[in-house]
Undergrad: 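Take this structure, written in structure tokens, and hold onto it; I'll ask about it next.
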Number of protein chains: 2
Amino acid sequence: MKTMTKKKSTAVLPLNTILAGDCIEAMNSLPEESVDLIFADPPYNLQLKGDLHRPDNSRVDAVDDHWDQFSSFAVYDKFTREWLKAARRLLKPNGAIWVIGSYHNIFRVGASLQDAGYWILNDVVWRKSNPMPNFRGKRFTNAHETMIWASKSEGAKYTFNYEALKALNEGIQMRSDWVLPICNGGERLKDSNGDKAHPTQKPEGLLHRVLVGSTNPGDVVLDPFFGTGTTGAVAKMLGRDWIGIEREEAYREVATRRIASVRKFDREALQVSTSKRAEPRVPFGQLVERGMLRPGETLTSPSGKIAKVRADGTLIGDDVKGSIHQVGAHLEGAPSCNGWTYWHFRREGKTVSIDVLRQQIRAEMTDRPH
Amino acid sequence: MKTMTKKKSTAVLPLNTILAGDCIEAMNSLPEESVDLIFADPPYNLQLKGDLHRPDNSRVDAVDDHWDQFSSFAVYDKFTREWLKAARRLLKPNGAIWVIGSYHNIFRVGASLQDAGYWILNDVVWRKSNPMPNFRGKRFTNAHETMIWASKSEGAKYTFNYEALKALNEGIQMRSDWVLPICNGGERLKDSNGDKAHPTQKPEGLLHRVLVGSTNPGDVVLDPFFGTGTTGAVAKMLGRDWIGIEREEAYREVATRRIASVRKFDREALQVSTSKRAEPRVPFGQLVERGMLRPGETLTSPSGKIAKVRADGTLIGDDVKGSIHQVGAHLEGAPSCNGWTYWHFRREGKTVSIDVLRQQIRAEMTDRPH
DNA sequence: CCGCGATGTGAATCCTTCC
DNA sequence: AGGAAGGATTCACATCGCG
């Protein structure tokens with residue numbers, strides 16, 4: 001049990017449960033700034049069915065009925081603005097949101113996100129490896145959906161596990177287009193008649209990438225359009241807490257059973273590749289203090305520049321003094337320089353990066369608890 | 001010369017010329033319902049702040065041109081609504097429009113299109129085969145742009161050359177995601193200093209596909225943000241008439257020279273858009289995302305070595321972490337190792353190579369959408 | 001003439017901590 | 001809060017010079 005050290009406590013959050021009812025009301029019942037990530041798969045239906053049908057239920061009569069069209073969009077926009085506002089209230093200052101949609105609704109969602117103060121980080125295309133073809137041959141195969149990833153506001157320090165995503169992509173930076181199959185086969189949930197339990201069940205692979213990339217273990221993930229609970233299932237596997245909101249009882253039942261049968265991955269398996277940025281800072285002076293480098297010793301750069309180490313952990317070159325970074329930048333005429341990878345020293349006839357010494361110190365630091 | 005068979009004559013249209021000046025005024029000076037297709041590459045409103053440097057300290061040449069500066073979303077929206085309205089007036093009843101953009105502007109454009117009465121037919125993603133990476137590792141590689149294809153109104157009988165596009169795509173129905181390289185090399189126009197003539201020149205392959213798919217020979221294509229005239233050049237090659245509107249004299253001059261040197265039925269662009277099929281690269285992480293292997297699961301090697309799968313698609317052994325290849329090489333004391341053939345998992349009492357799973361994914365990727 | 005390494009570059013909302 | 005300083009970060013091609 002955590003102690004309440006923060007003003008905004010998460011103690012009252014209904015973690016790892018599905019709330020029944022309207023998502024806007026449900027979100028407004030939760031404490032503000034309590035959620036790390038929101039994943040939302042809102043309804044697309046502009047004038048098809050459900051509660052977002054056109055107010056007068058009239059038929060769209062081709063060409064020029066602009067007002068009618070606009071009124072239907074206006075209803076959808078109002079709904080979108082309201083749930084996005086409620087969602088934003090729930091997000092911690094450094095929280096983020098993902099919304100998925102198709103061309104029917106994603107442009108309205110994206111514009112509403114921007115208007116609400118969210119800051120778009122990327123749009124990500126889910127490129128389906130096995131889409132349904134366009135049977136009548138009147139348009140392109142609708143082979144993708146669009147996700148928008150946005151932070152709560154401009155300048156927020158959103159979570160992005162860059163190295164983990166790079167590892168998932170076998171060493172190459174993850175792109176904004178993701179190739180994944182649609183959800184079918186054994187993963188597709190069926191009802192008692194053997195029909196699909198939900199019309200738009202998302203593949204777990206999609207949520208895996210979203211959650212590995214933009215949350216950490218222990219984070220709270222909310223899904224206001226929970227459906228059959230893909231977000232909850234993957235969150236549980238990955239050791240994240242989750243909250244679902246779903247209006248339809250049938251979906252809540254399917255989701256509850258589904259998530260109950262999910263096992264969390266081993267703790268070791270949840271460890272993920274991390275970047276250098278996450279490692280503790282080591283001042284260059286420590287290498288001198290510890291005798292790894294001696295004052296007066298000469299360092300060299302790949303480009304053949306030279307500087308000498310001073311007792312206080314600064315360098316001195318021909319016409320410049322300062323930190324390893326400053327001297328490197330000056331000698332290269334560059335706006336900045338990473339001195340750790342720039343400078344090298346000699347030992348036993350070999351040239352070695354000073355970063356190797358930093359790694360030694362870091363290894364010592366993590367060996368024993370302090 | 002065509003005979004005037006229609007009520008709305010195209011006789012007064014300034015065909016195959018570039019109009020100078022503001023695109024809204026220029027469009028309003030043209031006769032209504034006179035154009036078959038509009039292709040528009042409006043300013044993206046990138047909102048860039050400071051400089052950006054590559055890891056090698058070179059500076060990225062940003063799009064900081066005055067024409068891309070807008071003081072707020074409201075100003076951008078007003079501009080968008082106005083040019084979309086002028087464009088719609090020009091379209092014949094069965095005409096259509098394509099607009100290209102990025103996440104900075106495309107949601108506003110899409111919503112404005114819908115509000116103006118256009119009817120979206122598809123959104124099409126241009127997946128760049130060689131995008132600029134994200135240098136700071138803070139977001140996903142911005143590897144695509146979005147195009148919206150819309151008819152003038154719902155129910156309009158837009159042009160769609162299904163079979164021609166299918167033929168372009170080696171006999172498979174054309175999808176809503178198109179892989180094309182960015183415009184560089186010999187196709188990229190240079191000014192007298194050898195610098196790029198325009199910061200955002202689009203590849204001819206993109207326009208080739210748009211025009212083959214949604215116009216017929218003899219149709220009139222208008223581009224209100226003509227730039228260096230890619231639309232005009234490809235339209236001329238394909239035997240379509242074109243009209244360009246461009247505010248900047250320098251761009252008009254480049255475009256004029258460019259189009260003059262184009263021959264009708266020059267098939268350069270077609271060559272670019274045919275795909276070169278290599279075996280698709282499958283990152284090991286996909287097996288994890290897709291649930292084919294479970295984080296925490298143990299892999300074994302023929303020599304009896306062991307490692308566990310992590311959620312990010314890396315492996316962890318006794319004293320080593322990394323990719324399937326790195327961990328295999330380390331455990332064997334070898335300089336390198338093909339992890340795909342080295343590692344095995346167990347299913348139903350049998351030991352199976354992970355390469356079997358890769359083959360399954362590759363089979364899916366080459367599946368046809370039928 | 002070919003191959004290889006060095007160099008250049010593309011619509012980009014691209015850092016974090018300390019004082 | 002604003003400025004200074006530390007130091008982390010790239011993929012796919014095209015072009016060119018050199019051996």
Side-chain angles (χ1 to χ4, degrees), chain A residues 114 118-123 149-151 154-158 160 162-163 166 169 171-176 274-285 313-314 322-329 334-343 354-355 358, chain B residues 41-65 67-70 73 100-106 126 128-146 179 181-188 190 194-196 198-203 225 227 281:
Chain A
Q114 293 177 310
Y118 292 94
W119 190 248
I120 297 182
L121 299 166
N122 278 113
D123 60 335
W149 174 41
S151 60
E154 184 180 0
K157 291 183 197 140
Y158 56 90
F160 185 57
Y162 176 75
E163 293 291 342
K166 191 170 168 178
N169 199 31
I172 295 169
Q173 184 175 95
M174 188 73 80
R175 300 167 37 120
S176 60
T274 56
S275 74
K276 278 188 176 179
R277 273 189 276 253
E279 294 181 48
R281 174 175 293 192
V282 176
F284 176 71
T314 59
S323 73
I324 53 172
H325 317 293
Q326 290 169 328
V327 174
S336 71
C337 170
N338 183 346
W340 289 107
T341 52
Y342 182 74
W343 292 111
I354 62 172
D355 206 31
R358 180 169 67 161
Chain B
D41 182 9
Y44 287 9
N45 186 23
L46 287 185
Q47 308 163 68
L48 303 178
K49 303 263 162 51
D51 278 353
L52 178 64
H53 291 88
R54 299 185 182 81
D56 66 3
N57 272 323
S58 61
R59 198 177 72 89
V60 174
D61 184 17
V63 178
D64 51 7
D65 305 72
W67 47 256
D68 198 48
Q69 312 294 326
F70 295 83
F73 281 133
I100 184 167
S102 67
Y103 67 85
H104 308 84
N105 71 322
I106 198 66
W126 169 27
K128 301 179 185 184
S129 56
N130 50 350
M132 187 166 70
N134 184 287
F135 295 115
R136 308 301 294 268
K138 302 306 295 181
R139 302 186 180 188
F140 299 97
T141 309
N142 206 340
H144 74 276
E145 295 187 25
T146 301
V179 180
I182 59 176
C183 181
N184 59 11
E187 189 184 322
R188 189 78 191 228
K190 301 291 180 358
D195 298 323
K196 56 192 176 193
H198 190 283
T200 71
Q201 186 183 340
K202 296 294 176 288
F225 306 97
R281 193 181 61 95

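The chains referred to below are lettered A, B, ... by the order of the sequence lines, with proteins before strands, and numbering in each begins at 1. All values reported here derive from a predicted model rather than from experimental measurement.
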Undergrad: Which base sits across from dT10(D) as a Watson-Crick or G-U pair, both distances under 3.5 Å?
TA: none

Undergrad: Within the structure shown, what part of the strands sits under 4.0 Å from G50(B) by heavy-atom distance: base, sugar-phosphate, or nothing?
TA: base

Undergrad: P203(B) near the nucleic acid: base, sugar-phosphate alone, or nothing, with a heavy-atom cut-off under 4.0 Å?
TA: nothing

Undergrad: Hey, is the side chain of Y162(A) poking within less than 4.0 Å of OP1 or OP2 on dT10(D), counting only N and O atoms?
TA: yes

Undergrad: Verify the ring-centre separation between F225(B) and W67(B): is it less than 6.0 angstrom?
TA: no

Undergrad: It should be established whether R281(B) places a side-chain nitrogen or oxygen under 4.0 Å from OP1 or OP2 of nucleotide dA12(D).
TA: no

Undergrad: May I ask you to say what K202(B) touches in the nucleic acid, namely base, sugar-phosphate or nothing, with a heavy-atom cut-off under 4.0 Å?
TA: base

Undergrad: Under 4.0 angstrom, heavy atoms only, what part of the nucleic acid is R358(A) near: base, sugar-phosphate, or nothing?
TA: sugar-phosphate

Undergrad: Heavy atoms under 4.0 Å, any strand shown: does N122(A) hit a base, just sugar-phosphate, or nothing?
TA: nothing

Undergrad: More 5' along DNA chain C: F73(B) or K157(A), using each one's nearest nucleotide?
TA: F73(B)

Undergrad: Please report the C-alpha distance between E163(A) and K276(A) in whole Å, then the side-chain angles of each, then the deciding distance to 0.1 Å, and finally whether the salt bridge (charged side-chain N to carboxylate O under 4.0 Å, His left out) criterion is met.
TA: CA-CA 9 Å; E163(A) 293 291 342; K276(A) 278 188 176 179; over 6 Å; no

Undergrad: Does E154(A) reach a base, just sugar-phosphate, or nothing at all? Heavy atoms under 4.0 Å.
TA: nothing

Undergrad: Rounded to whole angstrom units, what separation is found between the NZ atom of K196(B) and the C1' atom of dT9(C)?
TA: 8 Å

Undergrad: Which base, if any, makes a Watson-Crick or G-U wobble pair with dG2(D), both distances under 3.5 Å?
TA: dC19(C)

Undergrad: Base, sugar-phosphate or nothing for C337(A)? Non-hydrogen atoms, less than 4.0 Å.
TA: base

Undergrad: Classify the nucleic acid contact of D68(B) as base, sugar-phosphate or nothing, counting any heavy atom under 4.0 Å across all strands shown.
TA: base

Undergrad: OP1 or OP2 of dC15(C) less than 4.0 angstrom from a side-chain nitrogen or oxygen of R277(A), does that happen here?
TA: no

Undergrad: If you check every side-chain atom of S323(A), which of dG10(C), dG6(D), dT13(C) has the closest atom?
TA: dG6(D)

Undergrad: Using a cut-off of 4.0 Å on non-hydrogen atoms, how would the nucleic acid contact of N134(B) be classed: base, sugar-phosphate, or nothing?
TA: base

Undergrad: Nearest of dC11(D), dA12(C), dG7(D) to any side-chain atom of L48(B)?
TA: dA12(C)

Undergrad: Determine whether the aromatic ring of W119(A) stacks with the base of dT13(C), defined as ring centroids separated by less than 5.5 Å and ring planes inclined by less than 30°.
TA: yes

Undergrad: Under the 3.5 Å rule, do the base of dT13(C) and the side chain of R139(B) count as making a donor-acceptor pair?
TA: yes

Undergrad: Does dA11(C) have its OP1 or OP2 closer than 4.0 Å to a side-chain nitrogen or oxygen of S102(B)?
TA: no

Undergrad: What's R188(B) touching, base or sugar-phosphate or nothing? Going by heavy atoms closer than 4.0 Å.
TA: sugar-phosphate

Undergrad: Without decimals, in angstroms, what is the distance between D195(B) CG and dT9(C) P?
TA: 9 Å

Undergrad: In whole angstroms, how far is the C1' atom of dG7(D) from the CG atom of N338(A)?
TA: 5 Å

Undergrad: P atom, dC14(C) versus dG6(D): distance in rounded Å?
TA: 23 Å

Undergrad: Give a yes-or-no answer on whether the side chains of S323(A) and H325(A) include a donor-acceptor pair shorter than 3.5 Å.
TA: no

Undergrad: With a 3.5 Å cut-off and heavy atoms only, can you find an N or O donor on one side and an acceptor on the other between the side chain of R54(B) and the base of dG10(C)?
TA: yes

Undergrad: Using Watson-Crick or G-U wobble geometry with both distances below 3.5 Å, tell me the partner of dT15(D), or none.
TA: dA6(C)

Undergrad: Using the C1' atom as the reference point in each nucleotide, state the distance between dG10(C) and dT10(D) in Å, no decimals.
TA: 12 Å

Undergrad: In whole Å, I'd like the distance from the NZ atom of K166(A) to the C1' atom of dT10(D).
TA: 8 Å

Undergrad: Can you tell me the base-pairing partner of dT13(C)? Count Watson-Crick or G-U wobble geometry only, both distances below 3.5 Å, and say none if there is no partner.
TA: none

Undergrad: Within less than 4.0 Å of OP1 or OP2 of dT9(D), is there a side-chain N or O belonging to K138(B)?
TA: no

Undergrad: Regarding I120(A), tell me which of base, sugar-phosphate or nothing describes its non-hydrogen contacts under 4.0 Å with the strands shown.
TA: base

Undergrad: What integer distance in Å separates D51(B):CG from dC15(C):C1'?
TA: 15 Å

Undergrad: Counting any heavy atom closer than 4.0 Å, what does E279(A) reach on the DNA or RNA strands: base, sugar-phosphate only, or nothing?
TA: nothing

Undergrad: dT13(C) and dC13(D): how far apart are their C1' atoms, nearest whole angstrom?
TA: 26 Å

Undergrad: From the list dT9(C), dT9(D), dT13(C), which nucleotide is the closest neighbour of the side chain of S58(B)?
TA: dT9(C)

Undergrad: Let me know the distance between CE of M132(B) and P of dC11(D), rounded to the nearest Å.
TA: 13 Å

Undergrad: Please state how far atom CD in Q173(A) lies from atom C1' in dT9(D), giving the value in whole angstrom units.
TA: 9 Å

Undergrad: Verify the ring-centre separation between W119(A) and Y158(A): is it less than 6.0 angstrom?
TA: no

Undergrad: Could you check which of dT13(C), dA11(C), dT10(D) has an atom nearest any side-chain atom of H104(B)?
TA: dT13(C)

Undergrad: Can you confirm whether C337(A) sits close enough to Y342(A) that some side-chain heavy atom of one is under 4.5 Å from a side-chain heavy atom of the other?
TA: yes

Undergrad: Evaluate salt bridge (charged side-chain N to carboxylate O under 4.0 Å, His left out) for K49(B) paired with E154(A), printing each intermediate quantity in order.
TA: CA-CA 12 Å; K49(B) 303 263 162 51; E154(A) 184 180 0; 2.7 Å; yes

Undergrad: Look up atom CG in N122(A) and atom CZ in R175(A), then write down how far apart they are to the nearest 0.5 Å.
TA: 12.0 Å

Undergrad: Do Y103(B) side-chain atoms and T146(B) backbone N/O form a donor-acceptor pair below 3.5 Å?
TA: no

Undergrad: So, OP1 or OP2 of dG7(D): does either fall under 4.0 Å of a side-chain N or O from H325(A)?
TA: yes

Undergrad: Classify the side chain of T341(A) and the base of dA8(D) as holding, or not holding, a donor-acceptor pair under 3.5 Å.
TA: no

Undergrad: Quick check: on DNA chain D, is the nucleotide nearest D56(B) upstream (toward 5') of the one nearest P283(A), or the reverse? Name the residue that is more 5'.
TA: P283(A)

Undergrad: Would dT13(C) be called syn or anti here, given the cut-off of 90° from 0?
TA: syn

Undergrad: Determine the contact category for T141(B): base if any of its heavy atoms lies under 4.0 Å from a base atom, sugar-phosphate if only primed atoms, P, OP1 or OP2 are that close, otherwise nothing.
TA: nothing

Undergrad: NZ of K128(B) versus P of dC13(D): gap in Å, rounded?
TA: 14 Å

Undergrad: Compare side-chain N and O positions of N184(B) against OP1 and OP2 of dG8(C) and report whether any pair is under 4.0 Å apart.
TA: no

Undergrad: Side chains of T200(B) and Y44(B), heavy atoms from C-beta outward: is any pair under 4.5 Å?
TA: no

